[in-house]
Amino acid sequence: MRFFEDMAVGDVAEIGQHTFTTEEIKAFAARFDPQPFRPCSQRRP
Amino acid sequence: MPHRHWEDFSPGRVFESEPRLITRDAIVEFAAAFDPQPMHLDEEAARAGMLGTLVASGWHSCCLLMRLLSDSFLSQSRFMGGPGIEEVRWLKPLYPGESIRARATVLEMRPSRSRPQIGFVKFLFELVDSTDARVMTMIVSPMFARRAMDDASREGMPSL
């Protein structure tokens with residue numbers, strides 16, 4: 001368990017990784033941010 | 001096709017969303033997916049916390065704000081997203097069973113220097129509860145298409 005005293009300015013924590021899937025992006029957008037440019041995937045790399 | 005362009009906004013203009021009831025289950029479901037802290041997940045665990053009761057994640061408030069605004073004035077506008085958020089403040093806990101509304105007030109207008117077909121509109125977004133107390137505020141400058149963009153695309157479009 002980390003308390004306030006256990007952190008210092010400049011500390012860096014690696015917090016893991018996440019892979020975004022098209023399905024997840026669309027499902028979130030449908031619920032909270034239903035803009036047409038997201039389902040269209042215009043910015044797909 | 002949404003009809004409101006950048007030119008149709010002006011400082012002082014206010015847009016309001018419909019109200020939305022926030023259920024306990026929606027709070028817990030969001031928290032389980034994105035912000036699994038005890039005070040957002042479980043009444044028993046929340047009792048031991050600082051607020052003493054289950055409350056919605058602040059990130060849930062941000063998402064609800066976006067949805068309420070999307071369903072109201074953004075869906076009628078040539079909204080093009082935004083480069084970021086300047087400020088978010090969580091002013092009051094959002095409790096289960098609360099009915100919330102979103103309000104957007106235009107603060108400033110700025111045409112884009114690099115892209116003449118779009119402009120920025122600086123807003124104060126507010127999420128308010130049933131007593132009109134502010135749950136959260138956001139300062140943000142999203143982009144909207146200017147009329148010139150749609151005029152240009154109409155001219156370049158083959159006739160059907």
Side-chain angles (χ1 to χ4, degrees), chain A, chain B residues 1-4 17-18 20 22-23 25-27 29-38 48 50 56-85 94 100 102 118 125 127 136 138 140 142-145 149-150 153:
Chain A
M1 184 67 74
R2 187 178 288 120
F3 291 91
F4 172 80
E5 289 85 349
D6 302 319
M7 287 174 265
V9 174
D11 279 359
V12 175
E14 293 292 337
I15 57 170
Q17 61 179 34
H18 179 81
T19 302
F20 286 85
T21 64
T22 304
E23 291 71 30
E24 181 192 359
I25 290 171
K26 285 183 180 178
F28 182 92
R31 284 192 70 179
F32 295 114
D33 194 5
Q35 313 307 326
F37 50 82
R38 269 180 263 280
C40 287
S41 305
Q42 284 175 0
R43 293 180 186 171
R44 186 181 292 165
Chain B
M1 172 69 90
H3 58 274
R4 190 179 293 115
S17 80
E18 296 293 313
R20 171 84 48 98
I22 305 308
T23 65
D25 287 354
I27 288 173
E29 188 195 346
F30 183 95
F34 297 113
D35 191 7
Q37 313 303 325
M50 205 162 70
S57 163
W59 301 109
H60 195 181
S61 302
C62 291
C63 290
L64 291 165
L65 176 73
M66 192 65 212
R67 178 58 195 261
L68 289 170
L69 293 173
S70 297
D71 288 350
S72 51
F73 85 101
L74 285 178
S75 61
Q76 292 129 35
S77 306
R78 288 282 277 113
F79 173 56
M80 303 190 68
I85 293 171
L94 176 54
I100 55 169
I118 67 165
F125 289 164
L127 198 66
M136 68 164 289
M138 184 182 288
V140 62
M143 302 175 285
F144 293 87
M149 178 182 281
D150 288 348
S153 62

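In what follows, every heavy atom counts, from backbone to side chain, and hydrogens, waters and symmetry copies are set aside. Each chain gets a letter, A, B and so on, in the order the sequences are listed, and its residues count up from 1. Keep in mind it's a predicted model, so treat the numbers as computed, not measured.
- For B:Asp35, the salt bridge (charged side-chain N to carboxylate O under 4.0 Å, His left out) test picks out no residue, with sequence neighbours left out.
- Within a 6.0 Å sphere centred on CE of B:Met50, heavy atoms belonging to other residues, nucleotides or ligands number 12 at most.
- When heavy atoms are compared at a cutoff of 4.5 Å, B:Leu65 does not approach chain A at all.
- Using modelled atom types, no side-chain atom of B:Arg67 and backbone atom of A:Pro34 make a donor-acceptor pair closer than 3.5 Å.
- Ring centroid separation for the pair B:Phe30 and A:Phe32 comes in under the 6.0 Å cut-off.
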